[in-house]
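Note sheet for the following structure.
Owing to the predicted nature of the structure, the values given are computational and were not obtained by experimental measurement.
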Amino acid sequence: MEWLLAVLILSGLGVFVVPRARLRYVLSQAFPLNYSKILRKNLPGYSRMPTDLQMQLKRRIRQFLYQKTFVGCGGLHITDEIRVTIAGKACLLLLNRESDVYPQLTHVLVYPSAFVAPRTQMNTDGVVTHTNQGLSGESWSDGRVILAWDQVAHNPDTEARGQDVVVHEFAHQLDSETGTTNGAPALKSAAAYKAWSELMEREYAQLHEAIANDTPTIIDPYGATNPAEFFAVVTEAFFKKSRDLAHYHPALYAQLQGYYRVDPCDWV
């Protein structure tokens with residue numbers, strides 16, 4: 001019986017030790033040169049990031065690629081460019097932070113272009129309607145993120161609008177790590193949540209007011225959909241329109257800077 005107990009203990013330890021050892025080995029390997037070329041091509045600002053942030057990003061990318069499964073949909077063949085570009089943009093949100101690499105995420109599904117998702121809606125009278133909605137990205141709480149590659153790759157149209165579907169959907173992933181996708185990601189204290197909610201509620205109301213008055217705003221009006229979308233949209237603005245956000249919404253920029261612990265204005 002003693003030998004059986006010893007085998008069970010060693011087997012149990014192996015469940016934790018072996019994956020960690022494999023991950024350490026993966027992270028110890030040199031970052032492939034072609035991966036760096038992909039980052040310079042598809043991540044605007046990467047070449048201007050401080051060296052220490054570049055090194056952090058590469059390490060996060062290696063872990064992301066090791067732990068997550070990419071699935072090509074709609075006939076799309078998954079390439080290194082697809083994997084590294086998505087991982088790079090997703091891991092921008094994790095720099096300088098003590099966090100795992102999207103622990104709830106297991107699969108990234110990638111379509112060549114916009115995909116169709118079924119939707120069920122119920123109106124105030126209880127009537128249920130079924131529709132199909134074309135999407136470029138979607139974040140699920142069951143371990144999946146779905147993306148359209150033509151919106152992920154370096155796209156002049158989305159760049160001009162300051163949009164990034166990967167940043168948007170992975171902001172939702174951070175938001176959902178608390179168990180509820182409500183626009184408030186995991187924070188350190190009750191005081192931090194209070195400050196966060198007060199500022200976000202104020203900025204959210206200002207966005208609604210700007211839309212109602214047809215006032216131009218650098219924050220995508222889609223952020224007025226609900227607090228969760230507002231968090232994802234302002235995260236896009238933080239990374240893609242950083243100088244404009246810092247100028248027109250300095251308190252919001254400072255709040256996001258405190259959460260993400262980087263200053264993208266330095267990379268522009």
Side-chain angles (χ1 to χ4, degrees), residues 39-40 42-57 60 88-99 137 154-175 182-189 191-268:
L39 293 178
R40 287 194 293 271
N42 289 339
L43 265 70
Y46 168 77
S47 298
R48 294 182 291 277
M49 291 173 63
T51 302
D52 66 312
L53 288 186
Q54 289 184 348
M55 296 300 292
Q56 280 190 53
L57 183 61
R60 294 286 194 175
K89 292 187 174 189
C91 291
L92 281 176
L93 280 61
L94 304 178
L95 298 174
N96 285 340
R97 301 174 61 221
E98 294 181 3
S99 63
H154 185 56
N155 187 315
D157 291 335
T158 54
E159 286 293 327
R161 294 194 298 268
Q163 296 174 335
D164 192 307
V165 66
V166 180
V167 170
H168 184 104
E169 301 306 334
F170 278 88
H172 283 316
Q173 283 289 304
L174 292 177
D175 190 0
N182 59 4
L187 301 173
K188 289 187 174 182
S189 65
Y193 275 110
K194 183 175 184 294
W196 179 278
S197 62
E198 288 177 352
L199 177 65
M200 290 298 180
E201 286 176 7
R202 186 166 63 249
E203 293 282 349
Y204 184 63
Q206 289 176 1
L207 178 60
H208 275 269
E209 183 179 352
I211 294 171
N213 295 331
D214 290 326
T215 303
T217 172
I218 65 161
I219 298 176
D220 190 331
Y222 184 65
T225 304
N226 56 53
E229 294 299 346
F230 182 75
F231 171 59
V233 162
V234 297
T235 293
E236 285 182 272
F238 179 72
F239 284 100
K240 307 300 293 185
K241 296 188 283 189
S242 51
R243 288 185 175 175
D244 285 341
L245 189 67
H247 178 74
Y248 292 105
H249 300 267
L252 177 58
Y253 189 87
Q255 182 81 293
L256 292 170
Q257 187 179 4
Y259 175 69
Y260 286 113
R261 301 184 186 181
V262 291
D263 188 356
C265 285
D266 293 338
W267 314 338
V268 178

Minimum heavy-atom distance Val234-Leu256, with the two atoms named: O-CD1, 3.6 Å
Where Ala186 and Tyr259 come nearest, the two heavy atoms and their spacing: O-CE1, 3.7 Å
Under 3.5 Å donor-acceptor, Asn96 side chain and Tyr260 backbone: no
Side chain to side chain donor-acceptor pair (under 3.5 Å) partners of Gln173, counting only residues at least two apart: Ser139
For Ala246 against Cys265, the heavy-atom pair lying closest together: CB-SG, 4.1 Å
Working for side-chain hydrogen bond (donor to acceptor under 3.5 Å, both in side chains), residues Tyr253 and Asp244: CA-CA 10 Å; Tyr253 189 87; Asp244 285 341; over 6 Å; no
Residue pair Glu198, Arg202: steps toward the salt bridge (Lys or Arg N to Asp or Glu O under 4.0 Å) verdict: CA-CA 6 Å; Glu198 288 177 352; Arg202 186 166 63 249; 5.9 Å; no
For Leu93 against Ala171, the heavy-atom pair lying closest together: CD2-N, 3.6 Å
Over 12 foreign heavy atoms within 6.0 Å of OH, Tyr193: yes
4.5 Å side-chain heavy-atom contact, Pro44 and Lys240: yes
Donor-acceptor pair, side chain of Glu236 and main chain of Val167, under 3.5 angstrom: no
Gln54 CD to Leu95 CG distance, which is reported to the nearest 0.5 Å: 10.5 Å
Which residues share a side chain to side chain donor-acceptor pair (under 3.5 Å) with His208, sequence neighbours left out: Tyr204
Derivation of the side-chain contact (heavy atoms from CB on, under 4.5 Å) call for Gln206 and Thr217: CA-CA 10 Å; Gln206 289 176 1; Thr217 172; over 6 Å; no
For Ser47 against Arg40, the heavy-atom pair lying closest together: OG-CG, 3.4 Å
Sub-4.5 Å side-chain heavy-atom contact between Met49 and Leu39: no
Residue that, paired with Val233, satisfies side-chain contact (heavy atoms from CB on, under 4.5 Å) out of Leu207, Asp220, Thr225: Asp220
Heavy-atom pair of closest approach, residues Pro185 and Phe231: CG-CZ, 3.8 Å
Among Gln163, Lys89, Glu229, side chain to side chain donor-acceptor pair (under 3.5 Å) partner for His168: Glu229
Reported CG-to-CG distance for the pair Leu174 and Leu94, which is rounded to 0.5 angstrom: 6.0 Å
Student check: side-chain heavy atoms of Leu57 and Cys91 closer than 4.5 Å: yes
4.5 Å side-chain heavy-atom contact, Arg48 and Asp266: no
Pairwise distance CZ(Arg60) to CZ(Arg97) - rounded to 0.5 angstrom: 8.0 Å
Phe239 backbone acceptor or donor facing Trp267 side chain under 3.5 Å: no
